There are 2 protein chains.
Amino acid sequence: MARRSEALTRARIVDAAVELLDAAGEGGLTFRALSQRLATGPGAIYWHVANKDELLAAATDAVVDAALTDEPSAASPQDAVRAVALGLFDAIDEHPWVAGQLSASSWQATTPRIFESVGRQVRALGVPQREWFTVASVIVQYILGAAAQNAANARILGPDVDREAFLGTVSTTWEELDPEDYAFTRTVADQMREHDDREQFLAGIDLVLTGVTTTHPPR
Amino acid sequence: MARRSEALTRARIVDAAVELLDAAGEGGLTFRALSQRLATGPGAIYWHVANKDELLAAATDAVVDAALTDEPSAASPQDAVRAVALGLFDAIDEHPWVAGQLSASSWQATTPRIFESVGRQVRALGVPQREWFTVASVIVQYILGAAAQNAANARILGPDVDREAFLGTVSTTWEELDPEDYAFTRTVADQMREHDDREQFLAGIDLVLTGVTTTHPPR
DNA sequence: GACATCTCTGGAGCGGCGTTCCAATCTTAG
DNA sequence: CTAAGATTGGAACGCCGCTCCAGAGATGTC
(Lines give C-alpha, C1' and ligand atoms only; values in the text may rest on other atoms or scores of the structure.)
Protein backbone atom coordinates (compact mmCIF):
# COMPACT_ATOMS: atom_id res chain seq x y z
CA MET A 1 0.00 0.00 0.00
CA ALA A 2 1.10 3.60 -0.40
CA ARG A 3 0.03 7.22 -0.71
CA ARG A 4 -2.08 7.90 2.34
CA SER A 5 -3.86 11.20 2.76
CA GLU A 6 -0.57 12.60 4.03
CA ALA A 7 2.34 11.03 2.17
CA LEU A 8 5.40 9.97 4.13
CA THR A 9 8.24 12.38 3.34
CA ARG A 10 11.68 12.93 4.71
CA ALA A 11 10.57 16.29 6.05
CA ARG A 12 7.64 14.79 7.93
CA ILE A 13 9.92 12.14 9.40
CA VAL A 14 12.48 14.70 10.55
CA ASP A 15 9.76 16.84 12.10
CA ALA A 16 8.38 13.90 14.02
CA ALA A 17 11.90 12.97 15.11
CA VAL A 18 12.48 16.45 16.52
CA GLU A 19 9.20 16.24 18.41
CA LEU A 20 10.11 12.88 19.91
CA LEU A 21 13.57 14.11 20.88
CA ASP A 22 12.13 17.21 22.49
CA ALA A 23 9.54 15.21 24.38
CA ALA A 24 11.69 12.38 25.69
CA GLY A 25 15.33 13.26 25.06
CA GLU A 26 17.99 11.35 23.19
CA GLY A 27 16.54 7.99 24.19
CA GLY A 28 13.06 9.00 23.07
CA LEU A 29 13.88 8.70 19.41
CA THR A 30 13.12 5.14 18.39
CA PHE A 31 12.22 3.77 15.02
CA ARG A 32 9.33 2.00 16.66
CA ALA A 33 8.04 5.12 18.39
CA LEU A 34 8.55 7.01 15.16
CA SER A 35 6.66 4.33 13.24
CA GLN A 36 3.75 4.52 15.63
CA ARG A 37 3.57 8.32 15.54
CA LEU A 38 3.63 8.30 11.75
CA ALA A 39 1.22 5.35 11.59
CA THR A 40 3.56 3.22 9.52
CA GLY A 41 6.28 0.60 9.91
CA PRO A 42 10.04 0.88 10.38
CA GLY A 43 10.66 -0.29 6.85
CA ALA A 44 8.84 2.67 5.36
CA ILE A 45 10.98 5.09 7.33
CA TYR A 46 14.15 3.37 6.18
CA TRP A 47 13.16 4.02 2.63
CA HIS A 48 13.50 7.77 3.26
CA VAL A 49 16.36 7.75 5.78
CA ALA A 50 19.54 5.69 5.71
CA ASN A 51 19.87 5.07 9.45
CA LYS A 52 19.46 6.61 12.88
CA ASP A 53 22.66 8.65 12.68
CA GLU A 54 21.52 10.32 9.50
CA LEU A 55 18.14 11.02 11.05
CA LEU A 56 19.77 12.59 14.11
CA ALA A 57 22.00 14.70 11.90
CA ALA A 58 19.00 15.87 9.88
CA ALA A 59 17.09 16.73 13.05
CA THR A 60 20.07 18.68 14.37
CA ASP A 61 20.40 20.48 11.07
CA ALA A 62 16.75 21.47 11.17
CA VAL A 63 17.06 23.02 14.62
CA VAL A 64 20.31 24.86 13.92
CA ASP A 65 19.01 26.07 10.61
CA ALA A 66 15.95 27.59 12.28
CA ALA A 67 18.15 29.25 14.90
CA LEU A 68 20.42 30.90 12.34
CA THR A 69 17.92 32.01 9.71
CA ASP A 70 17.18 35.46 11.09
CA GLU A 71 20.05 37.71 10.02
CA PRO A 72 21.79 39.59 12.82
CA SER A 73 21.75 43.12 11.39
CA ALA A 74 23.20 44.40 14.64
CA ALA A 75 24.86 47.72 15.46
CA SER A 76 28.38 46.31 15.90
CA PRO A 77 30.15 43.06 15.06
CA GLN A 78 30.21 42.40 18.79
CA ASP A 79 26.45 42.66 18.97
CA ALA A 80 26.15 40.42 15.95
CA VAL A 81 28.28 37.74 17.62
CA ARG A 82 26.15 38.06 20.76
CA ALA A 83 23.01 37.66 18.66
CA VAL A 84 24.25 34.57 16.86
CA ALA A 85 25.56 33.08 20.10
CA LEU A 86 22.35 33.72 22.00
CA GLY A 87 20.29 32.31 19.16
CA LEU A 88 22.24 29.06 19.31
CA PHE A 89 22.26 29.04 23.09
CA ASP A 90 18.50 29.36 23.27
CA ALA A 91 17.95 26.78 20.54
CA ILE A 92 20.14 24.26 22.34
CA ASP A 93 18.46 25.11 25.63
CA GLU A 94 15.12 24.34 24.05
CA HIS A 95 16.38 21.18 22.32
CA PRO A 96 19.08 19.87 24.70
CA TRP A 97 19.71 16.74 22.63
CA VAL A 98 21.22 18.98 19.93
CA ALA A 99 24.29 19.58 22.08
CA GLY A 100 25.41 15.99 21.97
CA GLN A 101 24.94 15.83 18.22
CA LEU A 102 26.87 19.02 17.53
CA SER A 103 29.91 17.93 19.48
CA ALA A 104 29.66 14.43 18.05
CA SER A 105 29.58 15.20 14.33
CA SER A 106 31.98 18.09 13.98
CA TRP A 107 33.02 19.50 10.63
CA GLN A 108 29.89 17.99 9.12
CA ALA A 109 27.22 19.89 7.29
CA THR A 110 25.88 21.78 10.27
CA THR A 111 29.10 23.20 11.65
CA PRO A 112 30.08 25.24 8.59
CA ARG A 113 26.83 27.16 8.85
CA ILE A 114 27.60 28.16 12.42
CA PHE A 115 31.21 28.80 11.52
CA GLU A 116 30.21 31.09 8.67
CA SER A 117 27.83 33.16 10.82
CA VAL A 118 30.50 33.73 13.44
CA GLY A 119 33.33 34.12 10.97
CA ARG A 120 31.72 37.01 9.14
CA GLN A 121 31.65 38.96 12.37
CA VAL A 122 35.25 38.06 13.10
CA ARG A 123 36.15 39.58 9.75
CA ALA A 124 34.09 42.66 10.59
CA LEU A 125 35.95 43.00 13.89
CA GLY A 126 39.12 43.79 12.00
CA VAL A 127 40.98 40.64 12.97
CA PRO A 128 43.95 40.11 10.62
CA GLN A 129 43.13 37.56 7.97
CA ARG A 130 45.74 35.01 8.98
CA GLU A 131 43.99 34.72 12.36
CA TRP A 132 40.48 34.34 10.97
CA PHE A 133 40.29 30.60 11.24
CA THR A 134 41.73 30.46 14.73
CA VAL A 135 39.58 33.22 16.18
CA ALA A 136 36.37 32.01 14.58
CA SER A 137 37.07 28.46 15.74
CA VAL A 138 37.66 29.60 19.30
CA ILE A 139 34.39 31.50 19.42
CA VAL A 140 32.44 28.60 17.96
CA GLN A 141 34.09 26.23 20.39
CA TYR A 142 33.14 28.40 23.33
CA ILE A 143 29.56 28.78 22.13
CA LEU A 144 29.08 25.07 21.61
CA GLY A 145 30.93 24.15 24.80
CA ALA A 146 28.96 26.50 27.01
CA ALA A 147 25.68 25.58 25.37
CA ALA A 148 26.44 21.89 25.78
CA GLN A 149 27.25 22.37 29.43
CA ASN A 150 24.00 24.25 29.89
CA ALA A 151 22.05 21.65 27.97
CA ALA A 152 23.36 18.95 30.29
CA ASN A 153 21.76 20.75 33.19
CA ALA A 154 18.56 21.26 31.24
CA ARG A 155 18.52 17.53 30.58
CA ILE A 156 18.91 16.74 34.26
CA LEU A 157 16.27 19.27 35.22
CA GLY A 158 13.80 18.04 32.67
CA PRO A 159 10.70 20.04 31.95
CA ASP A 160 9.22 20.00 35.44
CA VAL A 161 12.03 20.13 37.98
CA ASP A 162 12.46 23.27 40.01
CA ARG A 163 15.59 25.06 38.85
CA GLU A 164 16.15 26.84 42.14
CA ALA A 165 15.83 23.65 44.12
CA PHE A 166 18.32 21.99 41.81
CA LEU A 167 20.86 24.79 42.10
CA GLY A 168 20.36 24.76 45.86
CA THR A 169 21.13 21.06 46.02
CA VAL A 170 24.28 21.39 43.94
CA SER A 171 25.37 24.43 45.91
CA THR A 172 24.92 22.56 49.19
CA THR A 173 26.89 19.63 47.80
CA TRP A 174 29.72 21.99 46.93
CA GLU A 175 29.70 23.51 50.40
CA GLU A 176 30.14 20.07 51.90
CA LEU A 177 33.23 19.23 49.85
CA ASP A 178 36.60 18.76 51.49
CA PRO A 179 37.77 22.22 52.71
CA GLU A 180 41.34 21.59 51.63
CA ASP A 181 40.86 19.91 48.27
CA TYR A 182 37.99 22.15 47.23
CA ALA A 183 38.73 25.50 48.84
CA PHE A 184 37.87 27.50 45.74
CA THR A 185 34.75 25.59 44.77
CA ARG A 186 33.37 25.94 48.30
CA THR A 187 33.90 29.69 48.21
CA VAL A 188 31.86 30.18 45.06
CA ALA A 189 29.09 27.75 45.97
CA ASP A 190 26.70 30.60 46.76
CA GLN A 191 27.55 32.39 43.51
CA MET A 192 26.66 29.24 41.67
CA ARG A 193 23.30 29.12 43.45
CA GLU A 194 22.37 32.60 42.29
CA HIS A 195 23.85 32.68 38.80
CA ASP A 196 21.83 33.18 35.63
CA ASP A 197 22.79 30.86 32.79
CA ARG A 198 22.15 33.26 29.96
CA GLU A 199 23.91 36.15 31.67
CA GLN A 200 26.92 34.02 32.41
CA PHE A 201 27.01 32.78 28.85
CA LEU A 202 27.00 36.36 27.57
CA ALA A 203 29.73 37.28 30.05
CA GLY A 204 31.81 34.50 28.52
CA ILE A 205 31.18 35.80 25.01
CA ASP A 206 32.25 39.25 26.12
CA LEU A 207 35.37 37.88 27.76
CA VAL A 208 36.37 36.17 24.53
CA LEU A 209 35.50 39.22 22.43
CA THR A 210 37.56 41.43 24.72
CA GLY A 211 40.43 39.02 24.34
CA VAL A 212 40.07 39.17 20.57
CA THR A 213 39.92 42.96 20.29
CA THR A 214 42.77 43.38 22.79
CA THR A 215 44.99 40.92 20.97
CA HIS A 216 44.01 42.23 17.54
CA PRO A 217 43.09 45.90 18.00
CA PRO A 218 41.07 47.24 15.03
CA ARG A 219 43.12 49.61 12.96
CA MET B 1 31.53 -19.98 42.95
CA ALA B 2 33.71 -17.04 43.90
CA ARG B 3 37.22 -15.82 44.62
CA ARG B 4 39.25 -16.59 41.56
CA SER B 5 42.98 -16.02 41.48
CA GLU B 6 42.23 -12.39 40.63
CA ALA B 7 39.10 -11.25 42.47
CA LEU B 8 36.57 -9.15 40.62
CA THR B 9 36.71 -5.61 41.95
CA ARG B 10 35.15 -2.34 40.94
CA ALA B 11 38.60 -1.04 40.05
CA ARG B 12 39.32 -3.96 37.75
CA ILE B 13 35.95 -3.48 36.08
CA VAL B 14 36.53 0.24 35.54
CA ASP B 15 39.99 -0.42 34.13
CA ALA B 16 38.61 -2.95 31.67
CA ALA B 17 35.83 -0.53 30.74
CA VAL B 18 38.36 2.19 29.92
CA GLU B 19 40.30 -0.24 27.77
CA LEU B 20 37.19 -1.27 25.86
CA LEU B 21 36.16 2.35 25.37
CA ASP B 22 39.62 3.28 24.14
CA ALA B 23 39.73 0.35 21.78
CA ALA B 24 36.28 0.58 20.22
CA GLY B 25 34.75 3.90 21.26
CA GLU B 26 31.49 4.60 22.99
CA GLY B 27 29.76 1.64 21.40
CA GLY B 28 32.54 -0.72 22.38
CA LEU B 29 31.57 -0.80 26.02
CA THR B 30 29.11 -3.66 26.41
CA PHE B 31 28.32 -5.70 29.46
CA ARG B 32 28.76 -8.79 27.34
CA ALA B 33 32.16 -7.72 26.01
CA LEU B 34 33.12 -6.71 29.53
CA SER B 35 31.99 -10.08 30.87
CA GLN B 36 34.07 -11.90 28.32
CA ARG B 37 37.18 -9.84 28.96
CA LEU B 38 36.85 -10.39 32.69
CA ALA B 39 35.93 -14.06 32.23
CA THR B 40 32.68 -13.76 34.13
CA GLY B 41 28.98 -13.06 33.56
CA PRO B 42 26.99 -9.84 33.43
CA GLY B 43 25.42 -10.56 36.80
CA ALA B 44 28.78 -10.53 38.57
CA ILE B 45 29.55 -7.10 37.14
CA TYR B 46 26.20 -5.76 38.23
CA TRP B 47 27.05 -6.70 41.79
CA HIS B 48 29.87 -4.13 41.75
CA VAL B 49 28.32 -1.50 39.47
CA ALA B 50 24.76 -0.19 39.47
CA ASN B 51 24.33 0.28 35.72
CA LYS B 52 26.05 1.40 32.56
CA ASP B 53 25.73 5.09 33.32
CA GLU B 54 27.52 4.67 36.63
CA LEU B 55 30.23 2.64 34.93
CA LEU B 56 30.72 5.33 32.29
CA ALA B 57 30.89 8.00 34.98
CA ALA B 58 33.46 6.00 36.90
CA ALA B 59 35.54 5.47 33.76
CA THR B 60 35.39 9.20 33.00
CA ASP B 61 36.36 10.00 36.55
CA ALA B 62 39.36 7.71 36.32
CA VAL B 63 40.65 9.40 33.19
CA VAL B 64 40.11 12.95 34.43
CA ASP B 65 41.63 12.11 37.78
CA ALA B 66 44.77 10.84 36.13
CA ALA B 67 44.97 13.97 33.97
CA LEU B 68 44.70 16.34 36.95
CA THR B 69 46.90 14.61 39.50
CA ASP B 70 50.20 16.25 38.62
CA GLU B 71 50.14 19.67 40.26
CA PRO B 72 50.79 22.59 37.92
CA SER B 73 53.50 24.43 39.90
CA ALA B 74 53.91 26.85 37.01
CA ALA B 75 55.60 30.22 36.85
CA SER B 76 52.41 32.26 36.47
CA PRO B 77 48.69 31.63 36.93
CA GLN B 78 48.42 31.89 33.16
CA ASP B 79 50.91 29.08 32.73
CA ALA B 80 49.07 27.04 35.32
CA VAL B 81 45.80 27.42 33.43
CA ARG B 82 47.57 26.42 30.24
CA ALA B 83 49.00 23.36 31.99
CA VAL B 84 45.64 22.24 33.37
CA ALA B 85 43.92 22.91 30.06
CA LEU B 86 46.51 21.03 28.03
CA GLY B 87 46.41 18.12 30.45
CA LEU B 88 42.68 17.79 29.94
CA PHE B 89 42.95 18.38 26.22
CA ASP B 90 45.49 15.62 25.80
CA ALA B 91 43.56 13.24 28.04
CA ILE B 92 40.37 13.78 26.03
CA ASP B 93 42.32 13.47 22.80
CA GLU B 94 43.59 10.10 23.96
CA HIS B 95 40.19 8.98 25.28
CA PRO B 96 37.72 10.70 22.94
CA TRP B 97 34.68 9.06 24.55
CA VAL B 98 35.35 11.15 27.68
CA ALA B 99 34.13 14.28 25.90
CA GLY B 100 30.59 13.04 25.55
CA GLN B 101 30.47 11.98 29.17
CA LEU B 102 31.79 15.26 30.48
CA SER B 103 29.25 17.35 28.65
CA ALA B 104 26.49 14.89 29.49
CA SER B 105 26.89 14.67 33.25
CA SER B 106 27.70 18.21 34.22
CA TRP B 107 27.93 19.36 37.85
CA GLN B 108 28.49 15.76 38.86
CA ALA B 109 31.48 14.48 40.75
CA THR B 110 34.03 14.99 37.99
CA THR B 111 33.31 18.59 37.10
CA PRO B 112 34.11 20.09 40.52
CA ARG B 113 37.61 18.69 40.30
CA ILE B 114 38.20 20.44 37.01
CA PHE B 115 36.47 23.54 38.27
CA GLU B 116 38.67 23.64 41.35
CA SER B 117 41.90 23.31 39.39
CA VAL B 118 40.94 26.16 37.10
CA GLY B 119 39.35 28.27 39.83
CA ARG B 120 42.47 28.41 41.95
CA GLN B 121 44.31 29.99 39.05
CA VAL B 122 41.48 32.44 38.49
CA ARG B 123 41.89 33.51 42.08
CA ALA B 124 45.64 33.82 41.59
CA LEU B 125 45.05 36.00 38.53
CA GLY B 126 43.62 38.68 40.77
CA VAL B 127 40.06 38.47 39.46
CA PRO B 128 37.68 40.15 41.92
CA GLN B 129 35.94 37.59 44.08
CA ARG B 130 32.41 38.33 42.90
CA GLU B 131 33.52 37.28 39.38
CA TRP B 132 35.23 34.08 40.41
CA PHE B 133 32.38 31.77 39.56
CA THR B 134 31.66 33.38 36.21
CA VAL B 135 35.26 33.50 35.03
CA ALA B 136 36.12 29.99 36.18
CA SER B 137 32.97 28.66 34.53
CA VAL B 138 33.79 30.35 31.25
CA ILE B 139 37.29 28.90 31.17
CA VAL B 140 36.06 25.41 32.00
CA GLN B 141 33.36 25.69 29.36
CA TYR B 142 35.89 26.68 26.75
CA ILE B 143 38.25 23.88 27.70
CA LEU B 144 35.56 21.23 27.59
CA GLY B 145 33.96 22.67 24.46
CA ALA B 146 37.18 22.83 22.50
CA ALA B 147 38.31 19.43 23.71
CA ALA B 148 34.94 17.92 22.79
CA GLN B 149 35.14 19.42 19.32
CA ASN B 150 38.62 18.03 18.91
CA ALA B 151 37.59 14.63 20.25
CA ALA B 152 34.84 14.47 17.66
CA ASN B 153 37.47 14.71 14.95
CA ALA B 154 39.64 12.16 16.70
CA ARG B 155 36.65 9.84 16.76
CA ILE B 156 36.07 10.27 13.04
CA LEU B 157 39.74 9.79 12.29
CA GLY B 158 40.06 6.72 14.41
CA PRO B 159 43.48 5.30 15.22
CA ASP B 160 44.63 4.68 11.67
CA VAL B 161 43.24 7.38 9.41
CA ASP B 162 45.62 9.89 7.94
CA ARG B 163 45.05 13.24 9.59
CA GLU B 164 46.40 15.25 6.68
CA ALA B 165 44.21 13.43 4.20
CA PHE B 166 41.20 14.06 6.40
CA LEU B 167 41.92 17.77 6.76
CA GLY B 168 42.50 17.94 3.04
CA THR B 169 39.11 16.42 2.32
CA VAL B 170 37.30 18.77 4.67
CA SER B 171 39.21 21.72 3.29
CA THR B 172 38.25 20.79 -0.25
CA THR B 173 34.63 20.40 0.80
CA TRP B 174 34.74 23.90 2.25
CA GLU B 175 36.23 25.31 -0.93
CA GLU B 176 33.36 23.88 -2.91
CA LEU B 177 30.66 25.51 -0.80
CA ASP B 178 28.38 28.16 -2.24
CA PRO B 179 30.50 31.31 -2.79
CA GLU B 180 27.77 33.60 -1.55
CA ASP B 181 26.45 31.72 1.47
CA TYR B 182 29.88 30.60 2.62
CA ALA B 183 32.22 33.40 1.61
CA PHE B 184 34.09 33.42 4.92
CA THR B 185 34.38 29.67 5.32
CA ARG B 186 35.76 29.34 1.79
CA THR B 187 38.40 31.95 2.49
CA VAL B 188 39.79 30.12 5.53
CA ALA B 189 39.61 26.63 4.03
CA ASP B 190 43.35 26.55 3.52
CA GLN B 191 44.03 27.75 7.07
CA MET B 192 41.92 24.92 8.30
CA ARG B 193 43.98 22.45 6.29
CA GLU B 194 47.22 23.57 7.90
CA HIS B 195 46.13 24.26 11.45
CA ASP B 196 47.49 22.45 14.51
CA ASP B 197 44.84 21.39 17.00
CA ARG B 198 46.90 21.85 20.12
CA GLU B 199 48.27 25.22 19.03
CA GLN B 200 44.82 26.47 18.20
CA PHE B 201 43.51 25.26 21.52
CA LEU B 202 46.25 27.16 23.34
CA ALA B 203 45.52 30.24 21.26
CA GLY B 204 41.95 30.03 22.49
CA ILE B 205 43.06 29.74 26.10
CA ASP B 206 45.27 32.79 25.62
CA LEU B 207 42.42 34.73 24.04
CA VAL B 208 40.20 34.00 27.02
CA LEU B 209 42.98 34.77 29.50
CA THR B 210 43.67 38.07 27.75
CA GLY B 211 40.00 38.88 27.98
CA VAL B 212 40.03 38.09 31.69
CA THR B 213 43.11 40.15 32.55
CA THR B 214 41.94 43.03 30.37
CA THR B 215 38.50 43.08 31.95
CA HIS B 216 39.86 42.55 35.46
CA PRO B 217 43.38 44.04 35.48
CA PRO B 218 45.42 42.76 38.45
CA ARG B 219 45.89 45.46 41.06
C1' DG C 1 34.83 -30.35 62.30
C1' DA C 2 30.06 -29.21 61.17
C1' DC C 3 26.86 -26.21 60.15
C1' DA C 4 24.45 -21.81 59.03
C1' DT C 5 25.12 -17.42 57.00
C1' DC C 6 26.75 -14.06 54.17
C1' DT C 7 29.33 -12.62 50.06
C1' DC C 8 30.00 -13.06 45.52
C1' DT C 9 29.52 -15.38 41.02
C1' DG C 10 27.93 -16.30 36.23
C1' DG C 11 24.58 -18.05 33.09
C1' DA C 12 19.70 -17.98 31.45
C1' DG C 13 16.27 -15.12 30.00
C1' DC C 14 13.21 -10.74 29.22
C1' DG C 15 11.89 -6.85 26.69
C1' DG C 16 13.48 -3.42 23.57
C1' DC C 17 16.58 -1.65 20.25
C1' DG C 18 18.45 -0.72 15.13
C1' DT C 19 18.20 -2.75 11.03
C1' DT C 20 16.96 -5.94 7.07
C1' DC C 21 13.90 -8.30 4.20
C1' DC C 22 10.06 -8.87 1.43
C1' DA C 23 5.17 -9.58 0.07
C1' DA C 24 1.72 -6.45 -0.86
C1' DT C 25 -0.01 -2.35 -2.62
C1' DC C 26 -0.43 2.09 -5.04
C1' DT C 27 1.15 5.13 -9.02
C1' DT C 28 2.62 5.81 -13.35
C1' DA C 29 3.71 4.97 -18.38
C1' DG C 30 2.65 2.87 -22.66
C1' DC D 1 -5.46 -2.73 -19.25
C1' DT D 2 -1.22 -4.08 -18.02
C1' DA D 3 3.63 -4.17 -16.84
C1' DA D 4 7.15 -1.67 -14.33
C1' DG D 5 8.50 1.00 -10.73
C1' DA D 6 7.83 3.43 -6.33
C1' DT D 7 6.45 3.03 -1.68
C1' DT D 8 4.63 0.79 2.31
C1' DG D 9 4.46 -1.77 6.77
C1' DG D 10 4.97 -5.83 9.37
C1' DA D 11 7.82 -9.96 10.56
C1' DA D 12 12.17 -11.38 11.99
C1' DC D 13 17.35 -11.24 13.32
C1' DG D 14 20.99 -10.33 16.33
C1' DC D 15 22.49 -7.44 19.84
C1' DC D 16 21.76 -4.59 23.86
C1' DG D 17 21.01 -3.34 29.16
C1' DC D 18 19.42 -5.43 32.83
C1' DT D 19 17.19 -8.89 36.28
C1' DC D 20 16.88 -13.14 38.47
C1' DC D 21 18.53 -16.86 40.93
C1' DA D 22 20.80 -21.34 41.99
C1' DG D 23 24.78 -22.18 44.02
C1' DA D 24 29.95 -21.90 45.10
C1' DG D 25 33.57 -19.82 48.22
C1' DA D 26 34.44 -17.43 52.56
C1' DT D 27 33.40 -16.54 57.32
C1' DG D 28 31.67 -17.00 61.98
C1' DT D 29 29.81 -19.94 65.89
C1' DC D 30 29.74 -23.70 68.81
Side-chain angles (χ1 to χ4, degrees), chain A residues 1-61 97-98 100-101 104-105 108 155-156, chain B residues 1-61 97-98 100-101 104-105 108 155-156:
Chain A
M1 56 205 85
R3 312 308 129 64
R4 299 101 41 90
S5 54
E6 201 110 340
L8 197 59
T9 56
R10 193 182 152 96
R12 258 177 32 93
I13 293 173
V14 171
D15 283 353
V18 170
E19 284 170 31
L20 280 178
L21 287 162
D22 286 346
E26 193 109 25
L29 179 58
T30 292
F31 274 85
R32 280 172 235 277
L34 205 53
S35 301
Q36 194 174 1
R37 176 176 277 249
L38 295 170
T40 181
I45 297 175
Y46 271 93
W47 200 92
H48 297 273
V49 162
N51 52 43
K52 193 176 181 180
D53 281 352
E54 191 193 295
L55 181 54
L56 270 168
T60 304
D61 224 45
W97 49 271
V98 168
Q101 283 321 109
S105 68
Q108 301 282 108
R155 223 154 9 190
I156 295 171
Chain B
M1 56 206 89
R3 315 306 128 65
R4 300 101 43 87
S5 54
E6 201 112 341
L8 198 60
T9 57
R10 191 183 153 96
R12 259 178 27 96
I13 294 173
V14 171
D15 282 354
V18 170
E19 283 171 31
L20 280 177
L21 287 163
D22 286 347
E26 195 108 26
L29 178 57
T30 293
F31 275 85
R32 280 173 236 277
L34 206 52
S35 301
Q36 194 173 2
R37 176 176 276 248
L38 294 170
T40 180
I45 297 174
Y46 272 95
W47 201 91
H48 296 274
V49 162
N51 52 45
K52 193 176 181 179
D53 282 351
E54 191 193 294
L55 181 54
L56 270 168
T60 304
D61 224 45
W97 49 271
V98 168
Q101 285 319 110
S105 68
Q108 301 281 110
R155 223 155 10 192
I156 295 171

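Worth knowing before you read on, the calculation uses all heavy atoms, side chains too, and leaves out hydrogens, waters and symmetry mates. Quantities reported herein were computed from a predicted structural model and do not represent experimental measurements. Order of the sequence lines sets the chain letters (A, B, ...), proteins ahead of strands, with each chain counted from 1.
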Open item on the list: Any heavy-atom pair between the side chains of V18(B) and W97(B) that's under 4.5 Å?
Closed with: yes

Task: Residue pairs, two or more places apart or on separate chains, that pass ring-ring contact (aromatic ring centres under 6.0 Å, His included) and touch residues 13-41 of chain A - done: F31(A)-Y46(A)

TODO: Tell me which nucleotide among dT8(D), dG10(C), dT20(C) gets nearest to the side chain of Y46(A).
DONE: dT20(C)

Task: Partners meeting side chain to side chain contact (heavy atoms under 4.5 Å, CB included) with N51(A) (sequence neighbours left out) - done: D53(A), E54(A)

- [ ] List for me each residue that meets side chain to side chain contact (heavy atoms under 4.5 Å, CB included) alongside A11(B), sequence neighbours excluded, and say none if there are none.
- [x] T9(B)

Task: Residues which pass side chain to side chain contact (heavy atoms under 4.5 Å, CB included) with A58(A), listed by chain and number, not counting sequence neighbours - done: R10(A), V14(A)

Task: 5' precedence on DNA chain D between H48(A) and G27(B) (nearest-nucleotide basis) - done: H48(A)

Open item on the list: Can you pull out every salt bridge (charged side-chain N to carboxylate O under 4.0 Å, His left out) where at least one residue sits in residues 16-37 of chain B? Sequence neighbours excluded, please.
Closed with: E19(B)-R37(B)

TODO: Could you tell me which residues satisfy side chain to side chain donor-acceptor pair (under 3.5 Å) with Q36(B), sequence neighbours excluded, listed by chain and number?
DONE: none

- [ ] Using a cut-off of strictly less than 4.0 Å between a heavy atom of the residue and any atom of DNA chain D, enumerate the qualifying residues of residues 52-60 of chain B by number.
- [x] K52(B)

- [ ] Using the test side chain to side chain contact (heavy atoms under 4.5 Å, CB included), find all partners of A24(B) that sit at least two apart in sequence or belong to another chain.
- [x] none

Is there any protein nitrogen or oxygen under 3.5 Å from a nitrogen or oxygen in nucleotides 11-15 of chain D, and what are the pairs?
none

